[in-house]
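Notes follow once the structure below has been shown.
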Amino acid sequence: IIKEGKMSELIDKAKNFVTQKIADMEKPEASLSGVSLKGISRECITYNAKVAVKNPYSHSLPICEIHYNLKSAGREIASGNIPDPGSLEGDDTTNLDVPVKVPHSVLVSLVRDIGSDWDIDYELLVKLMIDIPVFGNFTIPLSTKGEFKLPTLSDLFSNSN
């Protein structure tokens, strides 16, 4: 018969063992490169963030969701979710495009607040939620800072849809 104190000690040891094994388990890694202009429509300007995700496992892993948040001048200028964007190839690096849509009205107010140099400092936060068998959902947080130029009037007229 195991006494209550010994049982509690065994359970704690088992929890620590499992926690350590999970912590030591190889997990997908990702990197986020800068933001570039993707397109212009009547409603918004779409920027594109490039994300590279390395899958260390031999089988593909489903991406449950991508969440993004774009900030400039201390405020959020765009955010969104991309549900079920696909899978990560096994033993490979998968490149993902994350389209970030910024309404024209937000950019106009930024220009008024910041000035007329047409350069916008930004911080982009991206969270990738991946489903890893046995482990469950695993979120990879990424961020990058940089500067992008606002489109000029000629850009707006040559690219508008």
Side-chain angles (χ1 to χ4, degrees), residues 2 4-104 106-107 120-151 155 159-161:
I2 299 175
E4 190 174 319
K6 288 285 186 189
M7 180 60 89
S8 175
E9 190 178 312
L10 284 173
I11 290 172
D12 286 344
K13 283 183 179 180
K15 282 182 187 176
N16 289 339
F17 177 79
V18 170
T19 301
Q20 188 61 43
K21 286 295 175 194
I22 289 173
D24 292 343
M25 197 172 102
E26 200 170 9
K27 297 172 195 74
E29 295 176 3
S31 62
L32 173 63
S33 59
V35 176
S36 61
L37 180 65
K38 182 177 181 180
I40 302 169
S41 70
R42 289 183 178 85
E43 297 81 34
C44 64
I45 296 175
T46 303
Y47 292 95
N48 188 51
K50 296 270 189 197
V51 178
V53 189
K54 182 180 179 296
N55 180 1
Y57 305 113
S58 60
H59 57 279
S60 67
L61 295 173
I63 305 169
C64 303
E65 179 179 72
I66 298 173
H67 175 78
Y68 65 85
N69 185 299
L70 182 64
K71 295 179 179 181
S72 182
R75 66 182 185 206
E76 180 178 285
I77 60 172
S79 67
N81 290 318
I82 304 168
D84 195 23
S87 296
L88 302 175
E89 296 296 320
D91 279 328
D92 202 1
T93 297
T94 302
N95 293 307
L96 303 168
D97 289 328
V98 179
V100 178
K101 297 182 178 194
V102 182
H104 292 298
V106 172
L107 292 174
I120 301 292
D121 291 328
Y122 69 85
E123 178 180 15
L124 177 63
L125 309 168
V126 174
K127 292 181 183 176
L128 285 135
M129 186 185 300
I130 300 166
D131 184 14
I132 300 176
V134 180
F135 186 75
N137 287 346
F138 176 69
T139 300
I140 302 173
L142 302 164
S143 67
T144 187
K145 292 181 180 183
E147 180 179 271
F148 55 77
K149 283 201 172 293
L150 289 176
D155 291 332
N159 290 315
S160 62
N161 296 329

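Values below: every heavy atom of this structure, side chains too, minus hydrogens, waters and symmetry copies.
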Minimum heavy-atom separation for [X] and [Y], please, with both atom names.
X      : Y      : answer
Pro56  : Asp91  : O-OD1, 3.4 Å
Glu147 : Tyr122 : N-CE2, 3.3 Å
Ser72  : Asp121 : OG-O, 2.6 Å
Cys64  : Ile130 : SG-C, 4.3 Å
Gly80  : His67  : O-ND1, 3.2 Å
Asn81  : Tyr68  : N-CE2, 4.4 Å

Query - Summary of side chain to side chain donor-acceptor pair (under 3.5 Å) pairs that have at least one residue in residues 48-61, sequence neighbours excluded - result: Asn48-Asp97, Lys50-Asp97
Query raised in the report: Which pairs count as side chain to side chain donor-acceptor pair (under 3.5 Å) when at least one residue sits in residues 123-144, sequence neighbours excluded?
Result: none
Find the distance between [atom1] ([X]) and [atom2] ([Y]) and round it off to the nearest 0.5 Å.
X      : Y      : atom1 : atom2 : answer
Leu125 : Glu76  : CG    : CD    : 9.5 Å
Leu88  : Ile63  : CG    : CD1   : 4.0 Å
Arg75  : Leu70  : CZ    : CG    : 11.5 Å
Lys38  : Lys101 : NZ    : NZ    : 8.0 Å
Leu61  : Glu89  : CG    : CD    : 10.0 Å

A side-chain contact here means heavy atoms from C-beta on lying under 4.5 Å apart; do [X] and [Y] qualify?
X      : Y      : result
Leu128 : Leu96  : yes
Val35  : Val100 : no
Glu29  : Ile140 : no
Ile66  : Val51  : no
Pro103 : Ile77  : no

